Number of protein chains: 4
Amino acid sequence: MRIGVLCSGGDSPGMNAAIRGAVLRAVEVHGFEMIGFMDGWRGFFAGDSVPLDRRAVRGISPLGGVILGTSRVQPFLAGRGDAGDLQAIRDRAAEYGIDGFLLIGGNGTQTVAQLLTAAGIPAIGLPKTIDNDLGGTDYTFGFDTAVSIAAEAIDRLRTTGESHRRCMVLEVMGRDAGWIALHAGMAGGAQVMLIPEFPESIEQISEWVLSVRDRGRSSLVIVAEGFRLVGSDEQVTRDGLDGFGRKRLGGVVELLAPLIEERTGIETRATVLGHLQRGGSPTAFDRVLATRTGIAAADAARAGQWGTMAGLRGDRVEMVPLAEAVGRLKTVPADRYEEVRLTFG
Amino acid sequence: MRIGVLCSGGDSPGMNAAIRGAVLRAVEVHGFEMIGFMDGWRGFFAGDSVPLDRRAVRGISPLGGVILGTSRVQPFLAGRGDAGDLQAIRDRAAEYGIDGFLLIGGNGTQTVAQLLTAAGIPAIGLPKTIDNDLGGTDYTFGFDTAVSIAAEAIDRLRTTGESHRRCMVLEVMGRDAGWIALHAGMAGGAQVMLIPEFPESIEQISEWVLSVRDRGRSSLVIVAEGFRLVGSDEQVTRDGLDGFGRKRLGGVVELLAPLIEERTGIETRATVLGHLQRGGSPTAFDRVLATRTGIAAADAARAGQWGTMAGLRGDRVEMVPLAEAVGRLKTVPADRYEEVRLTFG
Amino acid sequence: MRIGVLCSGGDSPGMNAAIRGAVLRAVEVHGFEMIGFMDGWRGFFAGDSVPLDRRAVRGISPLGGVILGTSRVQPFLAGRGDAGDLQAIRDRAAEYGIDGFLLIGGNGTQTVAQLLTAAGIPAIGLPKTIDNDLGGTDYTFGFDTAVSIAAEAIDRLRTTGESHRRCMVLEVMGRDAGWIALHAGMAGGAQVMLIPEFPESIEQISEWVLSVRDRGRSSLVIVAEGFRLVGSDEQVTRDGLDGFGRKRLGGVVELLAPLIEERTGIETRATVLGHLQRGGSPTAFDRVLATRTGIAAADAARAGQWGTMAGLRGDRVEMVPLAEAVGRLKTVPADRYEEVRLTFG
Amino acid sequence: MRIGVLCSGGDSPGMNAAIRGAVLRAVEVHGFEMIGFMDGWRGFFAGDSVPLDRRAVRGISPLGGVILGTSRVQPFLAGRGDAGDLQAIRDRAAEYGIDGFLLIGGNGTQTVAQLLTAAGIPAIGLPKTIDNDLGGTDYTFGFDTAVSIAAEAIDRLRTTGESHRRCMVLEVMGRDAGWIALHAGMAGGAQVMLIPEFPESIEQISEWVLSVRDRGRSSLVIVAEGFRLVGSDEQVTRDGLDGFGRKRLGGVVELLAPLIEERTGIETRATVLGHLQRGGSPTAFDRVLATRTGIAAADAARAGQWGTMAGLRGDRVEMVPLAEAVGRLKTVPADRYEEVRLTFG
């Protein structure tokens, strides 16, 4: 058996551990051959590949990034998965002599895995996204590292905020789902957590900040990039451009911080965590989850369980039908948000 | 409602976050009063207590240790929970005016919580142990921090091991369950993981170490303190004393390392992680898990769900009957061990 | 003897250790009394003070921020140190019964210390600034922590940059001196380091980025906030406002990154480290330097060496006349810049 | 010009950065060729070498260990540097076509560098040792990383010590010089620091531990492996063997901890940091120092300054005659020890 591996989408700490787990299992235990494509589908179509054996994955688990590279190049060259697109992949796969794919990626990639399998091109999904917005698994690898980095950033910002009696606002990733903001905020002791799923008004936010001040403390506000103010769509938006038409660095935070300062009279400072969230060495949790995901995917390939994804269920990694995982974004439910809103606000 | 809180057993990163979560929830949301006993049951009997309110738990989540202190003092002064012992607790609780207990501890403490509730003294359990050997929950808080520290130790030992072409052996905690060794070993890329549940022979271990050498690498062996060599009970044991009757620092590793060196001819060095595993700031994962555990316990007290324990089930924290959690140690199952043995050995 | 302590300017990791060192030395060894003013000169004038004894400084060395708070409130209420201003300080000091000051701060604060001493109000300086731009000392405490955080950020950005074949640009602090960019860039392996002291043209920068690409790598550019492009004052400036008159988050990097992308055709991403640089637990180096600075300042007070500053000279902390330290900014000399420009460019 | 590079002695964080600095400077700026010998003198004599160019040193600064490996193999095969030994080296160097050596090592290696140069075999020294016991430089690279790791260990031990009201004793490296114990102890807030240069009696140590208890705290004792108790040579010694003739893991701490517990009645726990001190990613400080050391050594080779060592002097790296650096161990002077003994005891 010969398996092709590629990574798609933004990078996510743990991808190297997933590759290592899959390769050691598939090559050393099951006797498969493995081939990796560089920079995702780009390498697949361009013939840019590397053999993956024990030596190739030696010592890579603690390393950030991913040895294969990743890109947002789409697999369907002409359109969205019509017959011609699928035949192009089938032909290329035949040239490489591969019997199936392990696809490491987020929601989009898992959808591709499902489409391919349905079209007779066997694929198995390894879910990764720092946003943790994928169904079919308790957590995706990369999320714990992103939360750790954001929580550490809160620890840092809090001390400087307290020294200067300032309100500190930290923007983290999360376009549609507020998981990073919710967990990092809870870990770091943020008093205000603003997430895309639940808009709040600037009046409410200011009230929280002022009540923290009244308790003798400095506020730490964490905000996901996709958060929207109630009734203020125009003021706090994420058009990505400043008034000169230049790309803006900060998103929502750059507009939210001045509003808080204006309303509360408390000096307010904004920080955007940005790319720092997805780089660097993965946490032990993510390395373990990713390694187990890779092992499970290799086992599933051997068992012919194509069209599945390796998901964490409690303390087990299980193969989940891709149909269960994709399509629906996993967002923060109301009870989780109410819990923190009432407890820490 | 007035609730007493205490910690029992060895400390476990996340205890402060659990106390903070419970206090903020119970006091700020439910309007309860909370009282903390210093050093576990010692403080309860000695009248050494502190009021727990918002101010008392301010900023404590990132701190290691536990603000209340902990001890191994037993609640049953005379024996194992007979009528007199229970009456003493009942009387003392009445003096404090408390309606129920939140008990933060491991297996022993959860058993106590069950006994108390059965005797009409309402108690709820918050499971903590770095060993992760408790049933009724996917993970206990403290475990992730211990794994992180051990994985970082492996990262450090590996580099010095490779520089000197040595075999490095790291002893971690785990008297009866090998979870720390298993997860840290997987995260750090140890080639050999030795755990209490599955004895191995020195011949097998040496064979692994030699095969790693033959692949051009240096071995990293991680061993849980409770590991036993096959057929060598006398040689590698954990009597805790050296030949002069003095307490020994290293356990199994101090005896295992020389055996490996003797058998393989490879210079071998031992390190005992010891108390470093349970101190210091908890990981973000443990802070979140502990905070949610505290919140769930406060909610359970309000709902009158005594005799339960707050357990992690997938991505939810749920109240589990204590009867399900206690009594049975959660050890590493055969398939998890076989998985790593075959894949990394 | 009774000594007043206060912190002025932006906070700098190590201030707590400096206070602890000074207090333990002065109180426990020399038998002085110590009093701390909250939020710098604000607390001094407002009568907001705390007694500083062993108990007050217990366990504070590893903590970020500063227990006394800090602010940019100026000591000279009316103007720049005329007779009236000085008399106001003299009167207030008499009310507190203090015989002298320990002033923890940067260039401005050390100048104040000199002026006060000259006017007969005894003061000793403890130099702190993350920018490391003070004379009279090899390094200021806070600098090593800032460099560490920035170097860790580079480690993170590099891995995600390599995964996506992008050019990553990191903005760090340094309005007039490029020390943080220089040291963090060297530690993290940045290929391009841009500092205020030495303008470069966009042509030169693009050439460096392209030559890195030609070597098969992704560029890591570190830029100090005060860097200016040669011949492009208008394009890359730091007006602090975007086109809507709102405060901009990013400084130079927000304008530099698009220019690099435009010139090289390489996808380029910007990150601003911002407040993350000055918060959180100090490095061991900064804790030791700050503690020794505090001890030396207490000893100097006892010896009557007013008008001096505690400076690091090789491996010794020595008292330096304030006149030597202040007035002149310590910037990166040409040979240090040439060294890295030639070696890593 | 063609230069040979090798590492000798125990590994020390920063060695990779030193090699990278030297190679980039020598190859890219001066146009030299560089060759590295694997595992120190072993590789030199065995013909085990690698070419060192830009590609070979890519991205290695943050990595622990050393890409060339290191060993304690001696350069003088027959004896201590007689004519035959020197001729063997001269002949081998001629075979490799090298014009000089860069030798990365501690006191012993720097002595060798001096002997070689004196015998007409040009050599330059790059001082590395985690112990910081070399003359001719303010600090050696590796030391800051070791201190950081030990200070972090103290942070961890302190919290668990406080939770359990225990005395925690940490053994760190330092056979002859107590620099690591002194600096890590100061950074971590140890109350008792025991170093080889200044023996103390068990009575004095117990008195310190008891007075800490009387202040309501738990003691943190840091002890260098080479510390000796006054008048108790037999009790606290470092024979390296336990009563069964097996190598002991712990040194002085394993014997000191029970003595403290016995004398004070306070539960006391011992930890040996061991190999954890010298592995893993170097601190930013050590990476910068090591990189600058490598650059300076390459420049010195070009300038023909053989027989020198690159030493840190304040904020400059300067070439120091080897005669000044070697022979004399740099130990902790009395005033530095008195300072901490009086201030923190």
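Values below: all heavy atoms of this structure, side chains included; hydrogens, waters and symmetry mates excluded. Model, not experiment: these values are computed from the prediction. Numbers restart at 1 for each chain; the letters A, B, ... are given by sequence-line order, proteins then strands.
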* Structure fact -> Correct closest heavy-atom pair for Ala187(D) and Ser61(C) would be O-CB, 4.2 Å

* To do: Determine the minimum heavy-atom distance between Leu342(C) and Val29(D), stating which atoms define it.
  => O-CG2, 3.6 Å

* Structure fact -> Contact list (residues 126-134 of chain D to chain C, heavy-atom gap under 4.5 Å, by number) returns none

* So, does Arg25(C) use its side chain to make a donor-acceptor pair with the main chain of Glu339(D) at under 3.5 Å? -> yes

* Measuring heavy-atom distances to chain D, does Asp299(C) have an atom under 4.5 Å in its side chain, in its backbone, in both, or in neither? -> neither

* Given that the side chain runs from C-beta out, which part of Phe344(C) has a heavy atom under 4.5 Å from chain D: side chain, backbone, both or neither? -> both

* Side-chain contact test, heavy atoms from C-beta onward, threshold under 4.5 Å: evaluate it for Thr343(C) versus Ile295(D) and give yes or no. => yes

* To do: Supply the atom-to-atom distance Asp144(D) CG to Ser148(C) OG, rounded to the nearest 0.5 angstrom.
  => 7.5 Å

* How far does OH of Tyr139(C) sit from CZ of Phe285(D), to the nearest 0.5 angstrom? -> 6.0 Å

Only pairs of heavy atoms separated by less than 4.5 Å count here; which of [options] has the most with chain D?
options                                    : answer
Val147(C), Val340(C), Asp155(C), Ile154(C) : Asp155(C)
Arg20(C), Arg54(C), Arg158(C), Met186(C)   : Arg54(C)
Arg292(C), Arg316(C), Arg55(C)             : Arg292(C)
Arg215(C), Glu162(C), Glu28(C), His183(C)  : Arg215(C)

* **Residue Asp286(D) versus chain C: region with a heavy atom under 4.5 Å** => neither

* Of the options Arg336(D), Lys330(D), Arg313(D), which is the one that meets Asp315(C) in a side chain to side chain contact (heavy atoms under 4.5 Å, CB included)? -> Lys330(D)

* Asked: Would one find more than 12 heavy atoms of other residues, nucleotides or ligands at under 6.0 Å from atom CZ of Arg302(C)?
  -> no

